[in-house]
Amino acid sequence: ETGVTQSPTHLIKTRGQQVTLRCSSQSGHNTVSWYQQALGQGPQFIFQYYREEENGRGNFPPRFSGLQFPNYSSELNVNALELDDSALYLCAFLTSGLNEQFFGPGTRLTVL
Amino acid sequence: AQSVTQPDIHITVSEGASLELRCNYSYGATPYLFWYVQSPGQGLQLLLKYFSGDTLVQGIKGFEAEFKRSQSSFNLRKPSVHWSDAAEYFCAVGARRDDKIIFGKGTRLHILP
């Protein structure tokens, strides 16, 4: 149990739609990262937020955007959904003391 | 550029047998190395990590890994596997402790009774 929660658990959307995924932590960790895990692949880094500012981005287009709130919870927004966006989306909070990222259970997004 | 290679997509071992999962990385400086485990429908759980110091690191659930700089490897081992170890295992590398993590494609471990 990592204390990281993600919602919703599963989501089905159609091409062209927009989606918002949410992530929160029981503890007040101020750094959160988002990853996309396609079927049969390892997770790929989307971006990281630190104190409500984007702090690094992977090779993802601008239609992938995020927010971090003052309570350190976070959102991942994806616009103009494509079939290839179907994946498990994971968020992870970094504990500065332990230098460890705690992952949530993920949101399974299916784009039809 | 950083990259991680896990050459074995699937590995099958008998319960009670020893296990070694291979991982090779590509990175210019000293990397931060991780092994994660993912059970079906679950998120990622950290098994162990290497930042510096002793090259043999101990993790949870009886796992250990050895960092070999000369071979750019960070192989995961367990002396005796249990049926509950069946899962997907990911090796990963980072440039700094708080940096993004680059994951390998994973090795799926199957356990024979």
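Quick note on labels: first sequence line is chain A, next is B, and so on, each numbered from 1.
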Is B:Phe51 reachable from B:Ile101 through a run of hydrophobic residues whose side-chain heavy atoms are each under 4.5 Å from the next?
->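 Yes, same cluster.
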Stepwise side chain to side chain donor-acceptor pair (under 3.5 Å) test for B:Lys61 and B:Gln45 = CA-CA 11 Å; B:Lys61 303 184 179 186; B:Gln45 181 181 24; 3.1 Å; yes
Give, as side chain, backbone, both or neither, the part of A:Tyr35 having an atom under 4.5 angstrom from any heavy atom of chain B.
-> side chain
Could you tell me which portion of A:Gln37 (side chain, backbone, both or neither) has an atom closer than 4.5 angstrom to a non-hydrogen atom of chain B?
->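 The side chain, not the backbone.
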Do you know which of A:Pro43, A:Gly40, A:Gly42, A:Gly58 has the most heavy-atom pairs with chain B at a distance under 4.5 angstrom?
->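 Top count of heavy-atom pairs under 4.5 Å with chain B: A:Pro43.
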Considering only heavy atoms, which portion of B:Gln6 lies under 4.5 Å from any heavy atom of chain A: side chain, backbone, both, or neither?
-> neither
For the ring pair A:Tyr49 and A:Phe47, is the centre-to-centre distance below 6.0 Å?
-> yes
Cation over ring, B:Lys78 on B:Phe63, under 6.0 Å and within 45°?
-> yes
